[in-house]
Amino acid sequence: MTEPGPRTAPSRVRADIAHNARVWNYWLGGGDHYPVDRAVGDRVTGMYPSIGEVARADRAFLGRVVRHLAGDAGIGQFLDIGTGLPTADNTHEVAQHTAPDARVVYVDNDPIVLAHARSLLTSSPEGATEYVDADARDPERILHVAGRTLDLRRPVAVMMLGILNFVLDTDEARGIVTTLMGALPSGSHLVLTHPTLELGGEGNEAAMRFWNENATPPITARSRSEFASFLDGLEILDPGVVSCSRWRAAPVRQNPEVAQFGAVGRKP
């Protein structure tokens, strides 16, 4: 674990307001955050003590999914949208451990993530990694630039972990998913996580309200049915829509539910 220390904000980065990528990094035990991020992170934890468990469960879900897709499903290309700050077991590291020739494109538009992007470009010699500075709300640009590294005529795994919750309008969020998956061939996969007030997350409502008043970007929770609607038209892999901590985790009973849906869909 990296101990947090004094940081100087790079240009374009606001150090006077908490930002999701940095607060999430704080909850994961990283060191890329400022005092305002730690203050807001601690306040949210005080209001919703299991938020750290959610962050860790989301990260563990990523590892299980990528290992399955790169191994059992034979997926060799990953488009990771809403990358966040580099930490242990990033998508390309997990994928290339299983399939050394895997190709991974990361997408984020947070300048502090961009400043650390070099940590995401340590590809295996056989594979490739690239970073795209783009907003999740611009799926056409994402596809255009990602196509320089990925062969979009072949199956791609689109990773959207904890990102659609920052698209407050559900129809707009569905439109983003529809555009991305509509451009990809059969056999492509969509990987999603999303916070909810279900699964024991009722206590998160006040914490989200505090977040929206004191941090950026604003966030929303969604119900199971709203979350499942993002997977319309896809074949949902077992075990379906579940807490991300329970998705193919073994043994399940040692992985308590967290208020974060997780699911994987395959384009038929």
Side-chain angles (χ1 to χ4, degrees), residues 1-7 9 13-62 82-85 87-88 108-110 112-113 136 160-170 172-173 192-228 230 241-247 249 253-263:
M1 180 183 297
T2 303
E3 291 297 324
R7 299 193 58 80
V13 174
R14 288 188 59 182
D16 61 330
I17 186 169
H19 192 283
N20 175 72
R22 303 191 308 252
V23 177
W24 197 257
N25 179 266
Y26 175 52
W27 286 329
L28 285 172
D32 293 306
H33 38 77
Y34 305 124
V36 67
D37 304 306
R38 298 192 286 276
V40 168
D42 288 343
R43 181 69 180 275
V44 169
T45 300
M47 301 173 76
Y48 187 60
S50 63
I51 188 63
E53 296 173 24
V54 172
R56 291 186 290 274
D58 189 90
R59 196 71 189 178
F61 169 85
L62 180 149
T83 302
L85 286 160
T87 183
D108 209 303
N109 70 334
D110 180 357
I112 198 168
V113 177
M160 302 187 79
L161 276 63
I163 185 67
L164 291 177
N165 38 281
F166 297 112
V167 182
L168 303 187
D169 183 272
T170 300
E172 181 184 4
L192 298 177
T193 62
H194 198 297
T196 181
L197 301 182
E198 301 173 19
L199 301 174
E202 296 82 1
N204 198 18
E205 186 171 8
M208 284 189 175
R209 187 163 52 249
F210 171 81
W211 174 272
N212 290 345
E213 293 169 353
N214 294 275
T216 189
I219 192 171
T220 189
R222 288 191 169 98
S223 67
R224 179 184 295 270
S225 61
E226 289 172 322
F227 175 80
F230 298 137
V241 174
V242 295
S243 170
C244 67
S245 63
R246 295 283 182 89
W247 195 90
R253 281 175 293 186
Q254 292 185 12
N255 292 276
E257 282 191 331
V258 297
Q260 182 99 328
F261 286 124

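In this chain, numbering begins with 1 at the start of the sequence shown.
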Qualifying residues under side-chain hydrogen bond (donor to acceptor under 3.5 Å, both in side chains), relative to [X], sequence neighbours excluded:
X      : result
Asp16  : Arg14
Thr83  : none
Thr170 : Arg222

Who are the salt bridge (Lys or Arg N to Asp or Glu O under 4.0 Å) partners of Asp37, not counting sequence neighbours?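 Checked Asp37 against salt bridge (Lys or Arg N to Asp or Glu O under 4.0 Å); matches are Arg22.
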Taking C-beta and beyond as the side chain, do Phe230 and His194 meet within less than 4.5 Å on heavy atoms?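 Of all side-chain heavy-atom pairs linking His194 with Phe230, at least one is under 4.5 Å.
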Which pairs pass side chain to side chain donor-acceptor pair (under 3.5 Å) with one or both residues in residues 198-208, sequence neighbours excluded?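 Output for this query is empty, none listed.
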Listing, residues 42-56 side-chain donor-acceptor contacts under 3.5 Å, not counting sequence neighbours, or none:
residue: Asp42; atom: OD1; partner: Tyr26; partner atom: OH; Å: 2.7
residue: Asp42; atom: OD2; partner: Tyr26; partner atom: OH; Å: 3.4
residue: Thr45; atom: OG1; partner: Trp27; partner atom: NE1; Å: 3.2
residue: Thr45; atom: OG1; partner: Gly41; partner atom: O; Å: 2.8
residue: Tyr48; atom: OH; partner: Ser50; partner atom: OG; Å: 3.4
residue: Arg56; atom: NH1; partner: Gly52; partner atom: O; Å: 3.4

Decide yes or no on side chain to side chain contact (heavy atoms under 4.5 Å, CB included) for Arg224 and Val241, but give the supporting numbers first. CA-CA 8 Å; Arg224 179 184 295 270; Val241 174; 3.7 Å; yes
Go through Asn212 and Ile219 one step at a time and tell me if the side chain to side chain contact (heavy atoms under 4.5 Å, CB included) criterion holds. CA-CA 7 Å; Asn212 290 345; Ile219 192 171; 3.4 Å; yes
Under 3.5 Å, is there a donor-acceptor pair between the side chain of Asp108 and the main chain of Gly84? yes
Hey, is the main chain of Pro256 close enough, under 3.5 Å, to the side chain of Ser245 for a donor-acceptor pair?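 Yes; judged by distance alone, with no hydrogens or angles, the pair exists.
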Phe261/Leu192 under side chain to side chain contact (heavy atoms under 4.5 Å, CB included): CA gap, chis, key distance, verdict: CA-CA 8 Å; Phe261 286 124; Leu192 298 177; over 6 Å; no
Quick check for you: to the nearest 0.5 Å, what is the distance between [X] atom [atom1] and [Y] atom [atom2]?
X      : Y      : atom1 : atom2 : value
Leu62  : Trp247 : CG    : CH2   : 11.0 Å
Glu257 : Leu199 : CD    : CG    : 5.0 Å
Thr220 : Asp169 : OG1   : CG    : 10.0 Å
Trp24  : Arg59  : CH2   : CZ    : 10.0 Å

Which atom names give the shortest non-hydrogen contact between Asn25 and Gly31, and what distance separates them?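 Shortest heavy-atom separation between Asn25 and Gly31 comes out as OD1-N, 3.2 Å.
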Go through the steps to decide whether Val36 and His19 satisfy the test side chain to side chain contact (heavy atoms under 4.5 Å, CB included), and finish with yes or no. CA-CA 9 Å; Val36 67; His19 192 283; over 6 Å; no
